[in-house]
Amino acid sequence: MTRKKSSKTKGLEPGSTIDIAVRNAIAIITLNRPGVHNAFNETLIAELTAALRALDRDEGVRAVVLSGAGESFCAGADLNWMRKMAAFSPAENLADVRALATMLATLDGLSKPTLARVHGNVFGGGVGLVACCDISIAGHNATFAFSEARLGLIPATISPYVVAAIGARAARRYFLTGERFSAAEAFRIGLLHDLAPPADLDARINEVLGFLVTAGPRAQVEGKSLIRAVANRTIDAKLIADTARRMARIRTTSEAKEGIAAFLAKRRASWVPRGE
């Protein structure tokens with residue numbers, strides 16, 4: 001993956017816990033606390049939330065890649081931070097947890113495609129980041145765990161996204177045991193979309209990014225909204241009517257007209273970067 005710094009995104013400032021690079025319309029956010037395996041603290045949570053919001057507003061960014069510096073993708077919560085929070089008042093503790101929940105919801109609700117580049121150890125809240133991304137690809141040597149139970153905790157804030165990815169049945173085992181599981185198992189239960197040898201991980205990420213930038217940006221925004229609207233819904237007259245309205249509306253957009261015209265003319269659509 002390319003890593004060229006950019007200062008063009010309004011409201012995006014360099015952070016002490018994350019690194020941000022933008023090139024060829026792809027933003028790469030790197031969790032940058034390698035000494036603690038990129039574990040969350042209040043600063044990382046605030047900086048990542050702000051970065052995601054700024055990149056979502058930036059029309060020049062087509063997709064966001066989330067990665068981790070050093071040996072691990074993310075080891076979940078920083079235990080020193082957790083120890084400090086345990087001494088806070090109930091109101092302070094709740095506000096702190098809500099900041100974490102907001103970060104996860106912001107990533108999950110981003111309007112443009114998100115992709116997790118996963119390697120090394122992925123524990124607790126780090127697994128939540130993987131589940132929140134639209135596409136998650138890991139090296140064969142990645143290791144996962146919902147380690148909260150072993151600390152007397154529960155994976156509460158990440159649970160909606162993780163259960164949506166792996167299902168309640170797999171969650172029952174791994175939430176309760178806290179045991180580690182392999183990238184192959186994470187793929188089997190639906191947490192990951194693809195696996196690659198570690199040396200080929202970036203090439204596989206770039207291949208998927210190449211597909212993403214050839215799709216219409218408005219179609220991707222509407223596609224993500226569509227998924228949220230129909231997932232786990234009963235197929236009834238109301239849902240059918242909603243999907244019909246969505247299709248009728250997008251047919252009339254300038255992007256759809258350009259896409260169809262480009263296909264019929266056997267040319268590249270206007271949004272596709274040169275060389276794709």
Side-chain angles (χ1 to χ4, degrees), residues 1-12 20-30 51-67 106-118 130 132-139 187 192-197 199-231 239-276:
M1 294 183 299
T2 54
R3 296 180 180 272
K4 180 180 178 181
K5 290 289 184 67
S6 171
S7 58
K8 294 181 179 179
T9 299
K10 186 177 181 180
L12 189 60
I20 303 164
V22 180
R23 187 176 181 182
N24 298 330
I26 305 300
I28 302 168
I29 301 176
T30 304
L52 290 168
R53 288 172 173 169
L55 292 169
D56 208 27
R57 293 191 298 267
D58 188 342
E59 294 183 358
V61 172
R62 291 291 315 277
V64 177
V65 177
L66 187 62
S67 66
T106 301
L107 177 58
D108 181 71
L110 218 69
S111 68
K112 54 195 62 178
T114 53
L115 198 158
R117 179 199 181 278
V118 185
V130 174
C132 286
C133 287
D134 298 318
I135 303 167
S136 296
I137 302 174
F187 176 77
L192 299 173
H193 293 94
D194 203 355
L195 300 173
D200 298 334
L201 182 56
D202 284 337
R204 184 65 184 125
I205 296 289
N206 286 334
E207 182 181 2
V208 175
L209 289 171
F211 293 132
L212 286 173
V213 298
T214 63
R218 171 73 180 274
Q220 289 172 330
V221 171
E222 295 292 342
K224 291 186 70 166
S225 174
L226 174 65
I227 293 165
R228 296 186 193 101
V230 304
L239 182 62
I240 292 168
D242 178 54
T243 59
R245 282 192 298 269
R246 289 170 184 268
M247 187 61 179
R249 182 177 67 247
I250 203 163
R251 279 180 175 178
T252 64
T253 63
S254 58
E255 182 177 286
K257 293 174 182 177
E258 162 63 11
I260 294 169
F263 178 80
L264 293 175
K266 297 182 180 180
R267 61 172 174 81
R268 182 187 295 111
S270 61
W271 61 77
V272 180
R274 291 185 176 181
E276 296 296 339

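These numbers come from a predicted model, not from an experiment.
The shortest heavy-atom contact between Ala27 and Val61 is CB-CG1, 3.8 Å. Considering all non-hydrogen atoms of both residues, Leu192 and Leu195 come closest at CD1-CD2, 3.5 Å.
Listed by chain and number, the residues in a side chain to side chain donor-acceptor pair (under 3.5 Å) with Ser136 amount to none (sequence neighbours excluded). Taking Ser225 as the reference, Arg246 meet the side chain to side chain donor-acceptor pair (under 3.5 Å) condition, with sequence neighbours excluded. Applying the side-chain contact (heavy atoms from CB on, under 4.5 Å) criterion to Val230, with sequence neighbours excluded, gives Leu226, Leu239, Thr243. Qualifying salt bridge (Lys or Arg N to Asp or Glu O under 4.0 Å) partners for Asp194, counting only residues two or more places apart in sequence or in other chains: Arg204. Residues passing the side chain to side chain donor-acceptor pair (under 3.5 Å) test with Glu255: none are found, sequence neighbours excluded. In this view, Lys112 satisfies the side chain to side chain donor-acceptor pair (under 3.5 Å) rule with no residue, not counting sequence neighbours. Residues that satisfy the salt bridge (Lys or Arg N to Asp or Glu O under 4.0 Å) test with Asp56, not counting sequence neighbours, are absent from this structure.
Distance check: Ile205 CD1 to Ile137 CD1 gives 4.0 Å after rounding to the nearest 0.5 Å. Within the model, atoms CG of Asn24 and CG of Leu209 stand 10.0 Å from one another, a figure rounded to the nearest 0.5 Å.
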Mind listing the side-chain donor-acceptor pairs of residues 256-266 below 3.5 Å, one per line with the distance, residues two or more places apart or on another chain?
from	atom 1	to	atom 2	distance (Å)
Glu258	OE1	Arg267	NH2	3.1
Glu258	OE2	Arg267	NH1	2.8
Glu258	OE2	Ser270	N	2.9

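Evaluation of the salt bridge (charged side-chain N to carboxylate O under 4.0 Å, His left out) test over residues 212-221, restricted to residues two or more places apart or in two chains, returns Arg218-Glu222.
Between the side chain of Arg62 and the main chain of Val213, a donor-acceptor pair closer than 3.5 Å is present.
Side-chain contact between Leu66 and Thr114 is absent, with no heavy atoms from C-beta onward closer than 4.5 Å. No side-chain heavy atom of Val22 sits less than 4.5 Å from a side-chain heavy atom of Asp58. For the pair Lys224/Ser111, no side-chain contact is recorded, criterion being any heavy-atom separation below 4.5 Å from C-beta on. Leu115 places none of its side-chain heavy atoms less than 4.5 Å from the side chain of Ile26. A heavy-atom distance below 4.5 Å is found between the side chains of Ile135 and Leu212.
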**Asked** Run the side chain to side chain contact (heavy atoms under 4.5 Å, CB included) check on Asp134 and Leu110 step by step: do they pass?
**Response** CA-CA 9 Å; Asp134 298 318; Leu110 218 69; over 6 Å; no
**Request:** Applying side chain to side chain contact (heavy atoms under 4.5 Å, CB included), run through Asp202 and Arg117 and close with a yes or a no.
**Result:** CA-CA 8 Å; Asp202 284 337; Arg117 179 199 181 278; 2.6 Å; yes
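The side-chain contact (heavy atoms from CB on, under 4.5 Å) test with Ile29 singles out one residue from Leu52, Leu107, Val65, and that residue is Leu52.
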